[in-house]
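Data first, discussion second: the structure below is written as structure tokens.
FYI, side chains are in, hydrogens and waters are out, and symmetry mates aren't considered; it's all heavy atoms of this structure.
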Amino acid sequence: MSGSGAAPGPGSSPAACRFAHYFVVCGIDADSGLEPDELAVLYQWLEADRHGKSQDAANTTSGENFDQSPLRRTFKSKVLAHYPQNIEWNPFDQDAVNMLCMPKGLSFRTQTDKRDPQFHSFIITREDGSRTYGFVLTFYEEVTSKPICTAMQTLYQMHNAEHSSSVYASSSCSMDSLASSIDEGDTTSLLKLQRYNSYDISRDTLYVSKSICLITPLPFMQACKKFLIQLYMAVTSQQPPPLPLESYIHNILYEVPLPPPGRSLKFYGVYEPVICQRPGPSELPLSDYPLREAFELLGLENLVQVFTCVLLEMQILLYSQDYQRLMTVAEGITTLLFPFQWQHVYVPILPASLLHFLDAPVPYLMGLQSKEGTDRSKLELPQEANLCFVDIDNHFIELPEEFPQFPNKVDFIQELSEVLFQFGIPLEGSLHCSENATKLKNLVLKDLVNDKKNGNVSANNISMYELLKGNETIARLQALAKRTGVTVEKMDLSASLGEKDKDVKLQCEETELRDYQLNVQLREVFANRFTQMFADYEAFVIQTAQDMESWLTNREQMQNFDKASFLCDQPEPYLPFLSRFIETQMFATFIDNKIMSQWEEKEPLLRVFDSRIEKIRLYNVRAPTLRTSMYQKCSTLKEAAQSIEQRLMKMDHTAIHPHLLDMKIGQGKYEQGFFPKLQSDVLATGPTNNNRWVSRSATTQRRKDRLRQHSEHVGLDNDLREKYMQEARSLGKNLRQPKLSDLSPAVIAQTNWKFVEGLLKECRMKTKRMLVEKMGHEAVELGHGEANITGLEENTLIASLCDLLERIWSHGLQVKQGKSALWSHLIQFQDREEKQEHLAESPVALGPERRKSDSGVMLPTLRVSLIQDMRHIQNMSEIKTDVGRARAWIRLSLEKKLLSQHLKQLLSNQPLTKKLYKRYAFLRCEEEREQFLYHLLSLNAVDYFCFTSVFTTIMIPYRSVIIPIKKLSNAIITSNPWICVSGELGDTGVMPILKNLLEMTFECQNLGKLTTVQIGHDNSGLLAKWLVDCVMVRNEITGHTYRFPCGRWLGKGIDDGSLERILIGELMAPAADEDLVKQCRTPPQQKSPTTARRLSVTSLTGKSPKPNAGQIQEGIGEAVNNIVKHFHKPEKERGSLTVLLCGENGLVAALEQVFHHGFKSARIFHKNVFIWDFIERAVAYFETTDQILDNEDGVLIQKSSCKTFCRYVNAINTAPRSIGKDGKFQILVCLGTRDRLLPQWIPLLAECPAITRMYEESALLRDHMTVNSLIRILQTIQDFTIVLEGSLIKGVDV
């Protein structure tokens, strides 16, 4: 707990190994009377502020809301007593305990209301992450104080006067649905209201809630519940308990030890013994909350989905009317995380006064009590983009969008269902199933048996028929019985029920054992999944630091885990989940603990986990199978269940019996139905004698306990190191646990400031990470410039950036509209801008300015417009939600390198920002906002395709321009040109181009990154020859512009006679408008244009220097090397294979250089000869001659090689395409590479007689050594499966 440590009371030294630390009583303070709950008032004030109402209106009645009946209002509860006063290492935090014992404050009831006792538990998480557990039984006690009854009567008179004057006005509460504790909107008449919500001092008995609570260091939920129920039974029983209550409380506080690890313990309640057990050091840590209930409440499928959300550190909000259900689900799910631990805000029961915590822009796991009659639609939550909403009472969960599934989910659910089936638990959850209903009835029956009266109603008021309420026949019988004076209560039911009770008791222990066994078996199945998934994690932990000091000092800069290698090692289906999970704080902390374990004692969870991995290795000797996605079931279920059974069968320890204390006579007199005022002097201190368990070395026990709580680290006595340690632990945690005690506006402001700082830090780290990942990979890339981090990892980082932006935009919102705060802001900005546009109607802005290039053809400049980008997203019918639209807009802006600029423009509309956000919101902290935009600006340094690669099915407008070389070509052509654009995701098909219109726009399904353009014409008319410089194609949504260099003629009887060409694309760097046209003419410097190479091959001027033999061989080596590297990358990281084959320095170009070396191309009358001419001659020779080598094996091989070679060449020649000779050579090389035939064909061509006629003596192809080395190099790509793009080999049938 938080709070300043007071001096330890006497007897507190052995507290570290005591079962319970405090016993607390909370209730009404008769002296101060009825006080409205200040925290509820504060909450109303905050709510009014949130909804923009005046604070005066919210505060007029000092929290006494006249719309609510006084019995339904919240009044202030107080801690009436707690024992002992204080414990050194667990200081008592009065405000927090009071708030969590009675989260709604005091409740009042009359004799007509239900007053069943309610059990719930809570947890207090200290700032260092260690926890204390509280277990509370709340029951109703008759109010004996006259002033309080009179005050309630007065409140009723005021309420009724106020209400009758506004009967016809809306009767719903003024606070919003979160805070109202009853939904009176559907009440029809005033009479009905008054009947249910009335109090008359002369007629009614008033009851008020009171809580008794145990605070313990470990979550022994079942034992504490039994102990508290027995205390309550003692208070309400007709006979006083065997000993004064002080004896039992003193016993549990000072004389009952914590059971040692691996042992069981028996201690004594008022009526019967209580048993608890604690797992051993090598077992899963203690968890006493019945997982059976969690599975029954949610259903198996839902629970696994919520569990996945918790693992991915989303915001999880649990919602239920029952506090204990909130705790059961929260503790149940977090206990399944082993070996990981939830690292963020954890408040399973969120008191009504702390609802502003839902505004926290950080991951959280919180539980919110729902009010009767309110449904999900009335619940206004500050942020929902990344929220997992769990409506426990209605079996309903709402998941965030873009949600990856847990690995092997189907098999996992199957294995869990087998375990549940053995214990007879329905898989769909059984909230309304008979088992739960009977269980609740049994509980009520048991209470009735034990004290013969329900709660604290006097005996003659109790009716057995209460149990059967709602049955009309019974109701009529009851009325008849009353009229005739028969009282059913006098019937002697105790005998028959007493016998039944024995069975229940026996069964109860049996059911308890089954609950323990089910708990441990379910947890083993979950733990086994992590043991299998992370069996190899140690191999990827990066341990660079020599000592702890240096590691802690540089923790933030250090990479602790080799994420990329780890992911490469995982089965493909696991990746969507794992890539996100290894980015979480819980995984980072787990790895930090692993690194810390070289200098200090291992963190307990880590120790157990590592020992399990060791076991797997010993049994399976299965290093190679670690990477398999085969599902391996848990094999330890039986032994886990047996170890618990053994502990519960034979008690290892029995605590001292409760005994009479040295008490003042006459005090604490037993009064039935009233919890006595305890004698504080006997409860304030423990026993003076050193009993046997205290003498166990308290210091070692304390050390172990502290280790378990990991609030301290062994060997970290030095203040500086402690500070470093805390910083290391809190790295990435924007906000540690919220303090529940101090809620002044100043503290709330300070908390918000922490949020702002945390968000900025998170933004800095995320953008840095995105840059380092992207640039790191780009630096390593030595081949083509397609550098990409794994699509998967990139997607994870971008999804996490989207989540961060949503959290920033929902921090400090005035009024929430829609699920995405960012999109809602954008829409309002769009509305304002469009109104202004209509007013201004400026003609200038309509058409984008065009600039002519020297060839007279240009791409019009693309206007940068935030609104235009929004319209693109709004036109996408595939996206159905606001959260989806916001994410798509972020991705588009990031791909266009405009994210920072767009957000700056959005925030520049200050009146809008002020209207939407409170003063403390992140977006209104100017300095932090500027830094945030600056961090986002840094992302412009790298290229993302995060929009194009994700929205693969959308329709996208493209614009293409064909740029001819007009100085050498005809100004107009008479033939009919056509174009076909292909990308990684498909192609457009052949599209005719209107004659002499070189620019066209077309719309088609997303082509992905563009790879090739096929361009051609039908050669009709007189002016059919066409010299094309390049083709430019632009994606009009993302602005990506591709240049496809050509530099060749299209036409019969010129160049190589080609009527169509396949052009390979290159993405152009985004440029300033002025440079755009220039770039149409000159490509970026780092890439020598295809044009130059092709022209140097065919031009006769011979001005370009030809490469020498060494350079050519080097070029072949590099081209093949790039292809090998391409296949060694993870599949999602690979760039375009087409570029590696046919692009600038691709394989085709390199082989062309080989074939051109020493080629006698220039002939008399300047008729060019091409490589294809040589190939055709070789085919003619192979087809006419049978002259073959002598040895027989070689004969067959060579014959088949000749046949396939001829078949391929003929197929290319007869293809229904007008491809030129160089184009045909390209197709041949591509097919030969794909079908692994190139190394067979090269020696055939080198030995063909035509070579002597067409090649110089010095040609590379005539040198045996060179040919052999070329064959060896080409053989290295035979191991890979090469898939060719359809556009390269269209129409060629081999």
Side-chain angles (χ1 to χ4, degrees), residues 24-47 58-81 94-115 117-118 120 136 138-160 162-163 173-175 178-182 184 196-201 204-213 323 349 351-355 369 371-372 456 674-675 740-741 743:
V24 186
V25 184
C26 295
I28 190 165
D29 182 0
D31 301 334
S32 54
L34 281 187
E35 288 183 81
D37 190 343
E38 283 167 18
L39 291 170
V41 178
L42 171 71
Y43 172 65
Q44 285 180 33
W45 184 86
L46 287 164
E47 273 307 294
N59 220 2
T60 42
T61 58
S62 329
E64 296 185 37
N65 181 349
F66 283 124
D67 274 359
Q68 258 183 333
S69 90
L71 278 181
R72 295 285 171 264
R73 290 181 204 165
T74 52
F75 295 94
K76 201 172 182 179
S77 63
K78 285 207 174 141
V79 173
L80 303 177
Q94 188 146 319
D95 294 330
V97 172
N98 180 32
M99 196 185 287
L100 290 165
C101 279
M102 298 191 134
K104 283 186 298 192
L106 294 171
S107 314
F108 285 91
R109 297 281 184 272
T110 64
Q111 76 282 359
T112 57
D113 297 309
K114 266 172 58 180
R115 294 185 309 285
Q118 293 285 322
H120 80 269
V136 188
T138 305
F139 52 92
Y140 286 89
E141 217 174 57
E142 189 179 328
V143 178
T144 50
S145 158
K146 199 81 181 152
I148 288 176
C149 295
T150 317
M152 183 58 78
Q153 171 95 2
T154 310
L155 282 176
Y156 257 104
Q157 289 162 351
M158 287 164 69
H159 171 71
N160 288 341
E162 179 83 16
H163 220 78
C173 306
S174 69
M175 279 162 81
L178 282 170
S180 73
S181 42
I182 188 165
E184 298 172 331
Y196 283 113
N197 286 331
S198 66
Y199 170 67
D200 183 333
I201 199 163
D204 295 318
T205 313
L206 190 63
Y207 295 89
V208 68
S209 55
K210 181 175 263 185
S211 291
I212 48 177
C213 166
Y323 292 128
I349 296 174
S353 50
L354 292 189
L355 286 168
Q369 196 207 18
K371 308 290 178 266
E372 235 172 309
N456 20 25
F674 292 93
F675 196 84
L740 300 182
S741 40
L743 277 176

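- Between Leu206 and Met152, some side-chain heavy-atom pair lies under the 4.5 Å cut-off.
- A distance of 4.5 Å separates OG1 in Thr205 from CD in Gln111, rounded to the nearest 0.5 Å.
- Side chain of His120 to backbone of Met102: no donor-acceptor contact under 3.5 angstrom is found.
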Dump the intermediate steps for side-chain contact (heavy atoms from CB on, under 4.5 Å) on Leu80 and Lys210, then the final yes or no.
CA-CA 10 Å; Leu80 303 177; Lys210 181 175 263 185; 4.0 Å; yes
Can Tyr207 and Glu141 be said to form a side chain to side chain donor-acceptor pair (under 3.5 Å), step by step?
CA-CA 5 Å; Tyr207 295 89; Glu141 217 174 57; over 6 Å; no
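- Atoms NZ and CD1, on Lys104 and Ile349 in that order, are 11.0 Å from each other to the nearest 0.5 Å.
- When Val25, Val79, Val24 are each tested for a side chain to side chain contact (heavy atoms under 4.5 Å, CB included) with Cys213, only one passes: Val24.
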Under the criterion side-chain contact (heavy atoms from CB on, under 4.5 Å), I'd like the reasoning laid out for Phe108 against Ile148: C-alpha separation, chi angles, the key distance, then a yes or no.
CA-CA 11 Å; Phe108 285 91; Ile148 288 176; 4.3 Å; yes
Kindly indicate, with the supporting measurements, whether the criterion side-chain contact (heavy atoms from CB on, under 4.5 Å) is fulfilled by Ile212 and Phe675.
CA-CA 9 Å; Ile212 48 177; Phe675 196 84; 3.7 Å; yes
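- Between atom CG of residue Asp204 and atom OG1 of residue Thr112 there is a gap of 6.5 Å, rounded to the nearest 0.5 Å.
- A distance of 11.0 Å separates CG in Leu100 from OG in Ser211, rounded to the nearest 0.5 Å.
- Here the side chain of Asn98 pairs no donor or acceptor atom with the backbone of Asp95 at under 3.5 angstrom.
- Counting only distance, with no hydrogens or angles, the side chain of Arg115 and the backbone of Ser209 share no donor-acceptor pair below 3.5 Å.
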Show, in sequence, the C-alpha distance, side-chain angles and deciding distance for Phe674 and Glu142, and conclude whether the side-chain contact (heavy atoms from CB on, under 4.5 Å) test is met.
CA-CA 8 Å; Phe674 292 93; Glu142 189 179 328; 3.9 Å; yes
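- Here the closest non-hydrogen pair linking Thr138 and Cys101 is OG1-O, 4.3 Å.
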